[in-house]
Amino acid sequence: MKSKIGCLFRNKASFTHAAKLILVKLTILPILDFGDVIYKISSNTLLSKLDAVYHSAIRFFLPKPLIPPIHDLYALLSESYGHCYEMWLGSKGLSLSPFHIRWQTSLFNRLFSRCARINPHALYLWFTSGLVFGLVSMCGSVVLLIRTLQQTVHQMTSDHPQGANQQTLQVVVPGINLPVSQLAYFFSALLVSGVIHELGHAVAAIREQVRVNGFGVFVFVVYPGAFVDLFTTHLNLISPAQQLRIFCAGVWHNFVLCVAALCFLFLLPVFLFPVYYTGAGALVTEVVQGSPADGPRGLSIGDMVTGLEDCDVRTVEDWNSCLTIHTHTPQTGYCVPTHTLQPSWAHGRVYRRLDTSIECCSNNSLTDLCFSYTKLQEKEYACLPARKMLSGSRVCRSNADCLTHTHLDTDPDTHSPSVCVTPSLENQTRLIRLTHPPNTQMLFVGYPPHLQYAVSLTNFAPRFGFLNLDLPVVMETFCKYVVSLSGALAVVNSVPCFALDGQWMLSALLEATLVTVVTDRQHRELIGFFLLLGGSALLAANVALGLWMVTAR
């Protein structure tokens, strides 16, 4: 520092006042980057030497020092406010305000500096790729928001909205469209995504010779986040291309994190192969108490579901697909022996329900169901014990499917022809047999999607009994949230909107491209203002209508 000060003083007459100020900011201040820490912990001897350098730098562009020595300034502040609560918070890097808690530190500055020195050429290519991605994502995010707004308006004006959950971007409201049980995943994934975002900004800034004052985290209402504090003077002195590398680094790292989490999610069966296996069925990890799947003949934690009727289940995706098929297709029939069919009048009067379906069993029966079948070209009804009749029966759509099937009676030597019987149930209600060996089949009567909400399953089954069933579920769920939230942060921060990364990305882009076309800086700022105004209005409209869709409907 002494040699740099001496060089500056020897050439003092060659510089203007503005040039002197810039030289001090670029040569001396970066060396004193950790001055706020040094002055608090150093000895008096070292403080005197640092003060000499400090005042020499001031005298370089001022006739005499106008600021007291820094350590004396700290002493004055300590004497005046040593017992104040604000000073204690400031010393800890904490800041409190209504609905907002913020903590900032410079402890990670050295880590950022080390990362910025790793293979400079590779980092240049890395952040240049981020620059390209940031510009593409800025345009893509605007198109995506316009498309999402069109879908939302269409759903609001439609009498029968479809695909409300198919939108790429959705407003998340804890407790409404985000289960309370998933809050830990949501907030932890949001925090990780925010930290990686700011890590990209910090490393890119140091690489472009911009000082990082500190890194911090905050909680706004209940949402966590992170931030980096950059030295604005340094940031304004670099070129627009360098600024773009810094501003685009956040969304670039969010995109990379999203891809990395997605790859880890796909490779999770490979990573867990030594202790967990997949492909044998869908393992039950939770059954909602009091649900249709609960009970002595229902599903239990640890059961392996291998089939829904004639639909094989090898994964959770198969389970969801089979339930969707049964929801949108007519009720399956079953082949039963004709001699077991009894006239409907033996069990009670046949009557028609409000939805025009037929009921032929007593309302008090908990084991019998009304079945319809075709006999001599006429439809007949019979009340049958469901579990006894369907045990071992094959599925069918018509009597022709049962012609090749021979049902064995209780007497092994007696054979009886079979007929296809179909449960006579209310609209959207289905009878479904669930196979989960070695237990007997579970019979479900109800709306198939209700079964999805009643049971939680996983593809991973432990190879050893002491392993936790929930570990793969936790890893899988966390990765899914990281993919969703990190991708969402990349999209939202790319939008040219006030207070987001898109604002600074757009400003640097206009300075890099319009400086020769629009020479007046104020005109360029005016163009940027109107573009930011449009982007902010677009994002605000999506958020407002998204909240209305989530909370009001």
Side-chain angles (χ1 to χ4, degrees), residues 108 111-112 115 123 126-127 129-145 147-148 165-174 177-179 182-205 215-228 244-268 271 472-497 499-505 539 542-543 546:
F108 301 100
L111 175 62
F112 298 150
C115 293
L123 284 180
W126 176 260
F127 287 113
S129 301
L131 185 154
V132 176
F133 173 80
L135 297 181
V136 173
S137 64
M138 184 188 299
C139 301
S141 63
V142 173
V143 174
L144 182 59
L145 285 181
R147 178 60 179 165
T148 303
N165 297 322
Q166 310 301 320
Q167 290 182 334
T168 305
L169 292 177
Q170 287 186 345
V171 177
V172 175
V173 181
N177 60 346
L178 176 66
Q182 304 284 300
L183 288 180
Y185 295 111
F186 176 81
F187 289 128
S188 57
L190 184 61
L191 182 60
V192 169
S193 301
V195 169
I196 296 299
H197 179 99
E198 300 302 332
L199 174 65
H201 285 312
V203 175
F215 167 84
V217 295
F218 66 88
V219 176
F220 179 70
V221 187
V222 294
Y223 294 96
F227 66 92
V228 287
L244 276 173
R245 290 192 188 95
I246 297 174
F247 298 144
C248 295
V251 297
W252 169 240
H253 279 72
N254 275 137
F255 172 74
V256 172
L257 176 63
C258 178
V259 173
L262 198 60
C263 293
F264 183 84
L265 191 61
F266 285 134
L267 295 175
L268 190 59
F271 296 145
V473 178
V474 170
M475 299 174 67
E476 193 174 23
T477 305
F478 179 74
C479 284
K480 289 179 179 178
Y481 271 97
V482 169
V483 170
S484 300
L485 294 176
S486 189
L489 282 179
V491 172
V492 173
N493 275 285
S494 299
V495 180
C497 173
L500 295 178
D501 288 348
Q503 174 182 358
W504 314 113
M505 292 163 59
L539 182 60
N542 272 274
V543 173

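Along the sequence shown, the residues carry numbers beginning at 1.
Considering every non-hydrogen atom in both Val228 and Ala202, the closest pair reads CG1-CB, 3.9 Å. The shortest heavy-atom contact between Gly225 and Leu191 is O-CD1, 4.1 Å. Taking both residues in full, the closest heavy atoms of Gly200 and Ala249 are given as O-CB, 3.3 Å, listed atom of the first, atom of the second, then distance. When all heavy atoms of Phe255 and Ala490 are compared, the closest pair comes out as N-CB, 4.3 Å.
Here the CG-CG distance, from Leu489 to Leu500, works out to 10.0 Å after rounding to the nearest 0.5 Å. Once rounded to the nearest 0.5 Å, the distance linking CG of Leu244 with CZ of Phe247 reads 7.5 Å. Atom CG of Leu111 sits about 7.5 Å away from atom CG of Leu199, to the nearest 0.5 Å.
A side-chain hydrogen bond (donor to acceptor under 3.5 Å, both in side chains) check over residues 182-196, counting only residues at least two apart or in different chains, returns the pairs Gln182-Tyr481.
In this structure Phe271 satisfies the ring-ring contact (aromatic ring centres under 6.0 Å, His included) test together with Phe264, sequence neighbours excluded. Asn493 is linked by a side chain to side chain donor-acceptor pair (under 3.5 Å) to nothing, counting only residues two or more places apart in sequence or in another chain. Partners of Ser141 according to the side chain to side chain donor-acceptor pair (under 3.5 Å) rule, which considers only residues two or more places apart in sequence or in another chain, do not exist here. By the side-chain contact (heavy atoms from CB on, under 4.5 Å) test, Ala488 is found to be paired with no residue, residues two or more places apart in sequence or in another chain being considered. Scored by the ring-ring contact (aromatic ring centres under 6.0 Å, His included) test, Phe478 finds no partners at all (sequence neighbours excluded).
For the pair Cys248/Met505, a side-chain contact is recorded, criterion being any heavy-atom separation below 4.5 Å from C-beta on. Taking the side chain as every heavy atom from C-beta outward, Val132 and Trp252 never approach each other to under 4.5 Å. Annotation: side chain of Val192 is not in contact with side chain of Leu485 (no heavy-atom distance under 4.5 Å). In this structure the side chain of Leu169 never reaches within 4.5 angstrom of the side chain of Asn542, judged on heavy atoms. In this structure, the side chains of Trp126 and Arg245 stay at 4.5 Å or more apart for every pair of heavy atoms.
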Run the side chain to side chain contact (heavy atoms under 4.5 Å, CB included) check on His201 and Asp501 step by step: do they pass? CA-CA 10 Å; His201 285 312; Asp501 288 348; 3.0 Å; yes
Just do the side chain to side chain contact (heavy atoms under 4.5 Å, CB included) check on Ile196 and Val256 with the steps written out, would you? CA-CA 10 Å; Ile196 296 299; Val256 172; over 6 Å; no
Would you check, one step at a time, whether the test side chain to side chain contact (heavy atoms under 4.5 Å, CB included) holds for Val495 with Leu145? CA-CA 9 Å; Val495 180; Leu145 285 181; 3.5 Å; yes
Verdict with supporting geometry, Phe187 and Val222, side chain to side chain contact (heavy atoms under 4.5 Å, CB included): CA-CA 9 Å; Phe187 289 128; Val222 294; 4.1 Å; yes
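Tested against Asn254, the residues Ser494, Ser486, Ser137 include a single side-chain hydrogen bond (donor to acceptor under 3.5 Å, both in side chains) partner, Ser486.
No more than 12 heavy atoms of other residues, nucleotides or ligands lie within 6.0 Å of CZ in Phe220, so this atom counts as exposed by the packing criterion.
Ring geometry, Phe227 versus Phe218: the interplanar angle falls from 30° to 60°, so the pair is classed tilted.
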